[in-house]
J.: 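Please find one structure pasted underneath; my questions will follow.
On a predicted model such as this, the values are computed, not experimentally measured, just so you know. Numbers for residues simply follow the sequence, beginning at 1. What you see below is based on every heavy atom in this structure, not just the backbone, and it leaves out hydrogens, waters and symmetry mates.
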Amino acid sequence: MGKVIEKSKDKKKKPESGVDSVFEEQAILSDNVQFKKAKTNLFVCAMVLSVTVILFLYTLLPTSRVQAVSIHGNSYVSKEYIEKISNVNFDSYFYLVKPKKIEQTLLEDPMIEEAKVKVLPGNLVSIEIVEKQPIAYRYDNEVPEILFVDGTTCELVSDYMPIIARVPYVKGFNDEKQTHLFCMAFANVNRDMIENMSEIQQYPLSFDQQAMMIRMRDGMHFFANYFSLEVINEYNAIIEHVKDTKKCLFADSAKKVAVLKACPWDEVVVEREYWMRDDGSYITNKWGDKAVKHYYADKNGNFFLDKAGNKIVIPISIKGNDEPDKKFEDHYFAGYYDSGVLILPPEELENEEAEENKDETNEDKQEDKEEKKEAE
């Protein structure tokens, strides 16, 4: 019988080549790199997700919001208006409040001159402003506007409507120069006195073409110009001594006082007569004003009349000044003014000429004495 030869169940491994070994190592290395990348990405994602969750949960907490808004310095605009334009309120996230950005936003408003914003502990936002000083409002232009003491203007929008209850309505002063002078005149007027004014308008007077008429809230009328308006600061002290409120107050820029007298619309119009030369030109006085004719009258204001019933005029000098007769009443009742002018009889004329010469001599002697005293 032949021998049965059994094959071994264990197969001998085929020896690996060098190329296979290299590929296997590269595969292992690649797997390791991919694992590390995946691990890093997973960590980053986990961190981002954690921060997002934390931030989301924080935004749900009341402590993430502004807890209080403190506003100071406002007078003409409301705190609600400041909150609105600053966009800071109890719904704002405290850590998103940027003071510099808010300050810039506030300064863009025409009513605000200065702004300071701070974030304080306890989620408090402090806003401090300085308003421009409004002095009047007007409707003369196409767009109603507010005038400020610095000469600027702004449109009278609905948010500013409460201001008109605290400043006067002004009519006129429309051109640039007049507006500038008008605003400049208010530079030294107190705020409380501006609020005491109701209406202002241009009202040229015979002696002051730049006059303005100011109606006060108590109904009194006050007249001033661009350079005397500061007197109105004393209005409350002045009005205490005024008994006749039907009259008007007129500011005197030279004396810095206010004078009480009849209002322009109540003044009695006086027809004036002026001296004229034969060629029809007016005779003027040393100030260049036309010389006004005046007539002789007694202490009760009754005019003296000549024989024809005409008023007797007071003569003037070559300089346009009145030269009244020192003995007018004596001459009048003696009948020397029957013709309307002084006509002395010869003997009376000689006596008066002698007296005049004597007076002139005495005056010359007095002047000599004064000159000697000055020389000594």
J.: Report yes if the side chains of I312 and F303 come closer than 4.5 Å at any heavy-atom pair, otherwise no.
T.: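 With C-beta onward as the side chain, the pair stays apart.
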
J.: For K171 and Y139, what are the C-alpha separation, side-chain angles and deciding distance, and is it a side-chain contact (heavy atoms from CB on, under 4.5 Å)?
T.: CA-CA 8 Å; K171 187 176 183 180; Y139 289 97; over 6 Å; no

J.: Flag the pair Y274 / V292 as yes when at least one side-chain heavy-atom distance between them is below 4.5 Å, and no otherwise.
T.: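 Y274 reaches V292 side chain to side chain.
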
J.: Check whether any side-chain heavy atom of I314 lies under 4.5 Å from a side-chain heavy atom of F328, and answer yes or no.
T.: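 No, every pair of side-chain atoms sits at 4.5 Å or beyond.
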
J.: In sequence, state the C-alpha distance, the side-chain angles, and the governing distance for T153 and F148, and then conclude on side-chain contact (heavy atoms from CB on, under 4.5 Å).
T.: CA-CA 6 Å; T153 62; F148 296 100; 5.6 Å; no

J.: When you check the gap from the basic side-chain N to the acidic O, do E145 and R138 get nearer than 4.0 Å?
T.: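 R138 and E145: salt-bridged.
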
J.: Quick one: does Y137's side chain have a donor or acceptor within less than 3.5 Å of a partner on I163's backbone?
T.: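 It does not hold such a pair.
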
J.: Does E131 reach the main-chain N or O of V77 with its side chain, forming a donor-acceptor pair under 3.5 Å?
T.: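 Answer holds: yes.
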
J.: Which donor-acceptor pairs under 3.5 Å do side chains of residues 99-107 form with protein atoms, sequence neighbours excluded?
T.:
{"unit_1": "E103", "atom_1": "OE2", "unit_2": "V117", "atom_2": "N", "d": "2.9"}
{"unit_1": "T105", "atom_1": "OG1", "unit_2": "K101", "atom_2": "O", "d": "3.0"}

J.: Less than 4.5 Å apart, side chain to side chain, heavy atoms only: is that true for Y160 and C154?
T.: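 Answer yes - side chains close enough.
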
J.: Report all side-chain donor-acceptor pairs from residues 236-252 shorter than 3.5 Å, counting only partners two or more places apart or in another chain.
T.:
{"unit_1": "D244", "atom_1": "OD1", "unit_2": "K246", "atom_2": "N", "d": "3.1"}
{"unit_1": "D252", "atom_1": "OD1", "unit_2": "A254", "atom_2": "N", "d": "3.0"}
{"unit_1": "D252", "atom_1": "OD1", "unit_2": "K255", "atom_2": "N", "d": "3.2"}

J.: Would you give the length of the straight line joining atom OG1 of T179 to atom CE of M184, rounded to the nearest 0.5 angstrom?
T.: 12.5 Å

J.: Taking all atoms of both residues into account, what is the closest heavy-atom pair of C183 and L147, and its distance?
T.: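 Closest pair (atom of C183, atom of L147, distance): SG-CD2, 4.2 Å.
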
J.: Group every Ile, Leu, Val, Met, Phe, Trp and Tyr by side-chain heavy-atom contacts under 4.5 Å, then state whether F173 and L181 land in the same group.
T.: yes

J.: Could you walk me through whether S70 and I127 pass the side-chain contact (heavy atoms from CB on, under 4.5 Å) check?
T.: CA-CA 6 Å; S70 175; I127 300 175; over 6 Å; no

J.: Dump the intermediate steps for side-chain contact (heavy atoms from CB on, under 4.5 Å) on L120 and V125, then the final yes or no.
T.: CA-CA 6 Å; L120 303 174; V125 177; over 6 Å; no

J.: Report yes or no: do V130 and I71 belong to one cluster of Ile/Leu/Val/Met/Phe/Trp/Tyr joined by side chain heavy-atom distances under 4.5 Å?
T.: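 No; I71 is not reachable from V130 via cluster members.
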
J.: If a pair satisfies ring pair (Phe, Tyr, Trp, His ring centres under 6.0 Å) and one of its residues is in residues 101-126, list it, with sequence neighbours excluded.
T.: none

J.: My understanding is that only residues two or more places apart in sequence, or in another chain, count here; which of them pass side chain to side chain contact (heavy atoms under 4.5 Å, CB included) with E329?
T.: F304, F333

J.: Quick one: does N233's side chain have a donor or acceptor within less than 3.5 Å of a partner on N188's backbone?
T.: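 Present.
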
J.: What pair of heavy atoms forms the shortest contact from A291 to I316, and how long is it?
T.: CB-CD1, 4.4 Å

J.: Should we say atom CG of D278 is surrounded by more than 12 heavy atoms from elsewhere, each under 6.0 Å from it?
T.: no

J.: Test ring-ring contact (aromatic ring centres under 6.0 Å, His included) on F182 and Y226 and set out the steps.
T.: CA-CA 6 Å; F182 179 81; Y226 300 126; 7.6 Å; no

J.: What's the shortest heavy-atom distance between Y295 and E273, and which atoms?
T.: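 Scanning both residues completely, I find the closest heavy atoms to be OH-OE2, 2.9 Å.
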
J.: Is there a donor-acceptor pair under 3.5 Å between the side chain of S281 and the backbone N or O of R277?
T.: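 Here the side-chain-to-backbone pair does not exist.
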
J.: Is the number of heavy atoms from other residues, nucleotides or ligands under 6.0 Å of E176 CD greater than 12?
T.: no

J.: Hydrophobic clusters here meaning ILVMFWY residues chained together by side-chain heavy-atom distances under 4.5 Å, can you tell me if F227 and F222 are in one?
T.: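 Cluster IDs for F227 and F222 match.
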
J.: A side-chain contact here means heavy atoms from C-beta on lying under 4.5 Å apart; do V170 and Q201 qualify?
T.: no

J.: Is there a donor-acceptor pair under 3.5 Å between the side chain of N190 and the backbone N or O of D192?
T.: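 No: the side chain of N190 does not pair with the backbone of D192.
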
J.: Let me check something: do V231 and Y203 share a hydrophobic cluster, defined by ILVMFWY side-chain heavy atoms less than 4.5 Å apart, either directly or through other members?
T.: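 Each belongs to a different hydrophobic cluster.
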
J.: Name each donor-acceptor pair under 3.5 Å that joins a side chain in residues 211-218 to protein atoms two or more places apart or in another chain, with its distance.
T.:
{"unit_1": "R217", "atom_1": "NE", "unit_2": "E195", "atom_2": "O", "d": "2.6"}
{"unit_1": "R217", "atom_1": "NE", "unit_2": "M197", "atom_2": "O", "d": "3.4"}
{"unit_1": "R217", "atom_1": "NH2", "unit_2": "A165", "atom_2": "O", "d": "3.3"}
{"unit_1": "R217", "atom_1": "NH2", "unit_2": "M197", "atom_2": "O", "d": "3.1"}
{"unit_1": "D218", "atom_1": "OD1", "unit_2": "M220", "atom_2": "N", "d": "3.0"}
{"unit_1": "D218", "atom_1": "OD1", "unit_2": "Y235", "atom_2": "OH", "d": "3.0"}
{"unit_1": "D218", "atom_1": "OD2", "unit_2": "Y235", "atom_2": "OH", "d": "2.7"}

J.: Mark yes or no for whether S198, through its side chain, and P168, through its backbone, hold a donor-acceptor pair below 3.5 Å.
T.: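 No, the answer is negative, given that no donor and acceptor are paired below the 3.5 Å cut-off.
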
J.: Does K311, at its NZ atom, have more than 12 non-hydrogen atoms belonging to other residues, nucleotides or ligands within less than 6.0 Å?
T.: yes

J.: Are side-chain heavy atoms of V167 and I135 found at a separation under 4.5 Å?
T.: no

J.: Please answer whether the main-chain N or O of Q210 pairs with a side-chain N or O of D208 as donor and acceptor at a distance below 3.5 Å.
T.: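 Answer holds: yes.
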
J.: Let me check something: any side-chain donor-acceptor pairs from residues 334-345 under 3.5 Å, sequence neighbours excluded? List them with distances.
T.:
{"unit_1": "Y337", "atom_1": "OH", "unit_2": "D325", "atom_2": "OD2", "d": "2.8"}
{"unit_1": "S339", "atom_1": "OG", "unit_2": "V341", "atom_2": "O", "d": "3.3"}

J.: What is the minimum heavy-atom distance between P315 and W275, and which atoms define it?
T.: CA-CZ2, 4.3 Å

J.: Can F223 be reached from F207 by stepping across I, L, V, M, F, W or Y side chains whose heavy atoms are under 4.5 Å apart?
T.: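 Yes, it is one cluster - the side chains of F207 and F223 are joined through contacts under 4.5 Å.
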
J.: Distance-only, no hydrogens or angles: does the D175 side chain make a donor-acceptor pair with backbone N or O of K177 under 3.5 Å?
T.: yes

J.: Any side-chain heavy atom of I112 sitting closer than 4.5 Å to one from I82?
T.: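 Yes. Closest side-chain heavy atoms under 4.5 Å.
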
